[in-house]
**Student:** 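I have a structure here, written as structure tokens, and I will follow up with some questions on it.
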Amino acid sequence: MSNFKIFNSYTREKELFKSIVPGYAGMYVCGPTVSGESHLGHARPYITFDVVNRYLLHLGYRVRYVRNITDAGHFEEEGREAEDKVSDKAKLERLEPMELVQKYTNLFHWGMRLFNTIEPSIEPTATGHIIEQISMIEKIINEGYAYEVNGSVYFDVKKYAQTYPYGKLSGRVLDDLLETTRELEGQDEKRNKTDFALWKSAPPQHIMRWKSPWGEGFPGWHIECSAMSAKYLGDVFDIHGGGMDLQFPHHESEIAQSTIAHGHAPVRYWMHNNMITINGKKMGKSYNNVIKLTELFSGQHPLLEQPYHPMVVRFYILQTHYRSTLDFSNEALQAAEKGLKRLWEAYETLKQLTGSTASDKTLDSRVQQMIATLDDCMNDDLNTAQVIATLFELVPIVNGIKGGQIAKEALSITTLDLLNKAFKAYLEDILGLQSIQETQGDKLDRAMSVLIDIRKDARKRKDWTASDEIRNKLAAFGIILKDEKDGNMSYTIE
RNA sequence: GGUCGGGUGGCCGAGUGGCUAGGCAGAGCUCUGCAAAAGCUCGUACAGCGGUUCGAAUCCGCUCUCGACCUCCA
């Protein structure tokens with residue numbers, strides 16, 4: 001039994017995680033709508049829940065991680081849609097929705113791979129589950145909580161709220177919502193403005209359409225998650241994750257639909273990550289301030305001073321608690337880059353160290369204590385920021401032993417072994433980080449050792465001109481030589 | 001307007017009723033042929049005003065301020 005505590009958005013409390021089926025954990029995360037390129041904001045939930053997934057695996061759970069691809073709805077591509085909607089165009093010239101879906105799904109996968117996220121166990125698409133969605137809607141109609149108007153089906157929120165705690169997840173009060181003055185399109189069909197669509201009748205020019213008992217149309221935007229999570233994880237499952245902006249109305253609607261269709265609430269633990277902001281504003285299409293992943297990695301964006309490695313972005317995200325907003329800035333990303341490099345180099349150094357007699361008992365036990373707190377950090381609602389801070393505290397100890405400021409035999413073999421395992425487990429397995437150094441080919445290594453040997457000779461002869469020349473010329477194209485205490489040399493590539 | 005959540009040192013960011021967060025930047029020192037790296041030391045922060053308390057940045061109230069959601073959104 002683990003001590004993993006999760007902040008449950010539904011109860012607004014940290015709760016001990018206990019899976020429904022011992023040893024197994026089911027997690028559903030709202031995936032991307034593949035009608036456009038993924039951006040930095042999207043990176044946050046998928047990296048956050050990747051860490052949840054990884055931590056559950058680390059704790060020994062067998063995890064079924066389901067993350068959908070939303071590929072149904074209203075699709076258009078910027079600059080293309082105006083003409084593409086004209087239906088008499090030749091097939092090849094016309095917007096083909098599945099073409100867009102394919103393109104952006106591929107791009108999304110590319111980004112996720114670079115972020116070193118573990119693939120979900122199942123990645124269901126909305127279009128692949130139309131039948132499941134229709135039958136769920138039928139159930140809801142049969143229960144008397146949905147009604148059909150002109151080929152569209154709406155969920156009766158007012159009726160639902162009479163019996164069930166509608167608004168509990170997102171902290172809404174139905175009466176307040178009913179009073180909202182905002183006027184929206186298509187409201188006339190609904191009995192109340194809080195009702196939401198389960199199925200939408202497709203206008204003639206709408207390209208994506210399916211047959212249904214209510215005529216041709218397409219599913220409403222909440223039903224896919226309910227239908228697919230139930231299919232692959234069951235009527236009630238452990239964790240449902242997503243961005244805070246989905247809490248209302250998306251997740252609130254999911255709860256309502258599923259509760260009627262299955263007779264009980266669908267989710268045990270709701271988890272919501274906070275937003276990435278840029279100049280204090282949420283990054284999002286409507287704010288016109290998005291930095292796409294392709295731009296982030298290439299540096300091709302007016303707001304970017306340089307390209308950022310995917311691992312730097314991942315590290316930067318994990319340095320903040322997932323429920324806090326995270327403000328983007330070049331400065332912050334650059335700080336993350338330097339920090340990650342330092343941390344990773346210490347990790348590499350650590351692998352070379354050999355333990356001894358624990359000549360410094362105080363230090364030895366302090367290191368063991370610090371290692372022990374790593375689990376506590378993760379167990380406390382996934383405090384990756386504190387995990388990273390703790391690892392950083394261990395860095396001067398590792399470097400100190402290497403640099404001679406701390407006695408070589410200071411740590412015991414046991415402690416050093418624990419330290420190695422902790423770095424491996426946390427850095428690689430749980431936080432999912434990787435080295436950002438280019439993988440150095442064997443041949444480069446050998447060529448470098450030739451240069452290093454020549455330079456060592458030069459230094460022995462006190463031929464500083466030659467030795468500096470080698471170092472400076474290498475530095476000019478980004479290979480940095482470091483002279484170490486013991487006369488050894490190492491190199492890093494910038 | 002309604003609901004909710006923030007305001008932490010130059011920047012980014014944890015956390016907490018009394019005990020060092022951490023990173024980046026900066027200053028000084030040690031090491032070094034020089035440099036880089038590394039190590040050590042340093043700034044002593046918690047929006048403002050009241051209140052509770054032996055003690056609050058951490059609890060309560062008010063004020064200012066920023067944001068999120070209420071519409072597609074990660």
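Letters A, B, ... are given to chains in the order of the sequence lines, protein chains preceding strands, and every chain is numbered from 1.
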**Student:** Ignoring hydrogens and angles, are the base of B:C34 and the side chain of A:D483 linked by a donor-acceptor pair under 3.5 Å?
**Tutor:** yes
**Student:** If you only use heavy atoms from C-beta on, which nucleotide in B:C24, B:G39, B:A14 is closest to the side chain of A:N399?
**Tutor:** B:G39
**Student:** Please determine if a side-chain N or O atom of A:T277 lies less than 4.0 Å away from the OP1 or OP2 oxygen of B:A68.
**Tutor:** no
**Student:** If you count heavy atoms of other groups shown closer than 6.0 angstrom to CG of A:N279, is the number above 12?
**Tutor:** no
**Student:** Taking atom types as they are modelled, is there a donor-acceptor pair under 3.5 Å from the base of B:G5 to the side chain of A:T325?
**Tutor:** no
**Student:** Please give the distance between the P atoms of B:A74 and B:G22 as a whole number of Å.
**Tutor:** 37 Å
**Student:** Taking the six-membered ring for Trp, does A:F392 stack with B:G23 (centroid gap under 5.5 Å, planes within less than 30°)?
**Tutor:** no
**Student:** Counting any heavy atom closer than 4.0 Å, what does A:G242 reach on the DNA or RNA strands: base, sugar-phosphate only, or nothing?
**Tutor:** sugar-phosphate
**Student:** What distance, rounded to whole Å, do you find between the two P atoms, one in B:G33 and one in B:C12?
**Tutor:** 41 Å
**Student:** Whether A:Y322 contacts B:A14 is assessed here as follows: a side-chain N or O lying under 4.0 Å from the phosphate OP1 or OP2. Is that the case?
**Tutor:** no
**Student:** Establish, with yes or no, whether the OP1 or OP2 oxygen of B:A25 is under 4.0 angstrom from a side-chain nitrogen or oxygen of A:K338.
**Tutor:** yes
**Student:** Quickly work out the A:L343 CG to B:G23 C1' distance and round it to whole Å.
**Tutor:** 10 Å
**Student:** Using heavy-atom distances to pick each residue's nearest nucleotide on RNA chain B, tell me which of A:K281 and A:R323 is more 5'.
**Tutor:** A:R323
**Student:** Counting side-chain heavy atoms from C-beta on, which of B:C34, B:G23, B:G13 comes nearest to A:A335?
**Tutor:** B:G23
**Student:** Between A:N68 and A:T70, does any side-chain donor sit less than 3.5 Å from a side-chain acceptor?
**Tutor:** yes
**Student:** Applying side-chain contact (heavy atoms from CB on, under 4.5 Å) between A:M283 and each of A:D327, A:V290, A:T277, report the one that passes.
**Tutor:** A:V290
**Student:** Expressed in angstrom and rounded to an integer, what is the separation of A:R44 atom CZ from B:G13 atom P?
**Tutor:** 9 Å
**Student:** Using only modelled atom types and a 3.5 angstrom limit, is any donor from either the side chain of A:K285 or the base of B:C72 paired with an acceptor on the other?
**Tutor:** no
**Student:** Under the side-chain hydrogen bond (donor to acceptor under 3.5 Å, both in side chains) criterion, do A:H42 and A:E37 qualify, and how do the steps go?
**Tutor:** CA-CA 10 Å; A:H42 295 123; A:E37 253 190 84; over 6 Å; no
**Student:** Does A:L481 or A:Q386 map to a spot on RNA chain B nearer the 5' end, using the closest nucleotide for each?
**Tutor:** A:Q386
**Student:** Take atom P in B:U53 and the same atom in B:A47, then report the distance between them in whole Å.
**Tutor:** 23 Å
**Student:** When the P atoms of B:G5 and B:C19 are considered, how many whole Å apart are they?
**Tutor:** 27 Å
**Student:** At under 4.0 Å, does any side-chain N or O of A:K462 touch on OP1 or OP2 of B:C34?
**Tutor:** no
**Student:** Does a side-chain N or O of A:K282 approach OP1 or OP2 of B:C73 to a distance below 4.0 Å, or not?
**Tutor:** no
**Student:** Can you tell me how far C1' of B:A38 sits from CD of A:E393, to the nearest Å?
**Tutor:** 18 Å
**Student:** Apply the side-chain contact (heavy atoms from CB on, under 4.5 Å) test between A:R471 and each candidate in A:L451, A:I480, A:L481; give the one that qualifies.
**Tutor:** A:L481
**Student:** Using the C1' atom on both, measure B:G17 against B:G55 and round to a whole Å.
**Tutor:** 8 Å
**Student:** Tell me, please, whether A:Y287 has A:K282 positioned over its six-membered ring: NZ or CZ under 6.0 Å from the ring centre and within 45 degrees of its axis?
**Tutor:** no
**Student:** For the base of B:A36, is there a side-chain donor-acceptor partner from A:R471 under 3.5 Å away?
**Tutor:** no
**Student:** I need the CD-P distance between A:E254 and B:C73, as an integer number of Å.
**Tutor:** 11 Å
**Student:** Tell me, which stems hold RNA chain B, with a stem being 3 or more Watson-Crick or G-U pairs in a row and both distances under 3.5 Å?
**Tutor:** B:1-7 with B:64-70, B:10-12 with B:22-24, B:26-30 with B:38-42, B:47-51 with B:59-63
**Student:** What distance, rounded to whole Å, do you find between the two C1' atoms, one in B:C64 and one in B:C73?
**Tutor:** 31 Å
**Student:** Of all the choices, B:G39, B:G33, B:G2, which nucleotide is nearest to the side chain of A:R172 once you look at every atom?
**Tutor:** B:G2
**Student:** Would you mind telling me which of B:A14, B:A74, B:G33 lies closest to the side-chain atoms of A:D245?
**Tutor:** B:A74
**Student:** What is the distance from CZ of A:F196 to P of B:C70, rounded to the nearest Å?
**Tutor:** 15 Å
**Student:** Between A:R172 and A:F248, is NZ or CZ placed under 6.0 angstrom from the six-membered ring centre and within 45° of the ring axis?
**Tutor:** yes
**Student:** Please assess A:D50 against A:R54 for the test salt bridge (Lys or Arg N to Asp or Glu O under 4.0 Å), listing each intermediate value before the final yes or no.
**Tutor:** CA-CA 6 Å; A:D50 181 54; A:R54 286 168 175 275; 2.8 Å; yes
**Student:** Send over the distance from A:F328 CZ to B:C11 P, rounded to a whole Å.
**Tutor:** 17 Å
**Student:** Do A:N420 and A:Y347 have a side chain donor and acceptor closer than 3.5 Å?
**Tutor:** no
**Student:** As a test of reading the structure: which of B:G15, B:C72, B:A25 is closest to the side chain of A:W221, going by heavy atoms?
**Tutor:** B:C72
**Student:** Ignoring hydrogens and angles, answer whether the base of B:G5 and the side-chain atoms of A:N274 contain a donor-acceptor pair closer than 3.5 Å.
**Tutor:** no
**Student:** With rounding to whole Å, what would you report as the distance between B:A57 and B:U16 at their C1' atoms?
**Tutor:** 9 Å
**Student:** Of all the choices, B:A68, B:A74, B:G33, which nucleotide is nearest to the side chain of A:Y287 once you look at every atom?
**Tutor:** B:A68
**Student:** Do the side-chain N or O atoms of A:R12 get closer than 4.0 angstrom to the phosphate oxygens (OP1, OP2) of B:C4?
**Tutor:** no
**Student:** Apply the test salt bridge (Lys or Arg N to Asp or Glu O under 4.0 Å) to residues A:D156 and A:R191: give CA-CA distance (whole Å), side-chain angles for both, the deciding distance (0.1 Å), then the verdict.
**Tutor:** CA-CA 8 Å; A:D156 191 340; A:R191 287 183 192 165; 3.5 Å; yes
**Student:** Rounded to whole angstrom units, what separation is found between the CG atom of A:L474 and the C1' atom of B:A36?
**Tutor:** 13 Å
**Student:** Over all strands shown, is A:R366 touching base, sugar-phosphate only, or nothing at heavy-atom distances under 4.0 angstrom?
**Tutor:** nothing
**Student:** Give a yes/no answer on whether the side chain of A:R342 brings an N or O atom under 4.0 Å of OP1 or OP2 in B:G23.
**Tutor:** yes
**Student:** Going by ring-ring contact (aromatic ring centres under 6.0 Å, His included), A:F115 matches just one of A:Y46, A:F297, A:W110. Which one?
**Tutor:** A:F297
**Student:** Could you tell me whether the phosphate oxygens of B:C11, OP1 or OP2, come under 4.0 Å of any side-chain nitrogen or oxygen in A:S329?
**Tutor:** no
**Student:** Using whole Å, what does the distance between atom P of nucleotide B:G67 and atom CE of A:M275 come to?
**Tutor:** 16 Å
**Student:** Nearest to the side chain of A:Q319, heavy atoms from C-beta on, is which of B:A74, B:G23, B:G13?
**Tutor:** B:G23
**Student:** Please report the distance separating the P of B:C46 from the corresponding atom of B:G9, rounded so that it comes out in whole Å.
**Tutor:** 8 Å
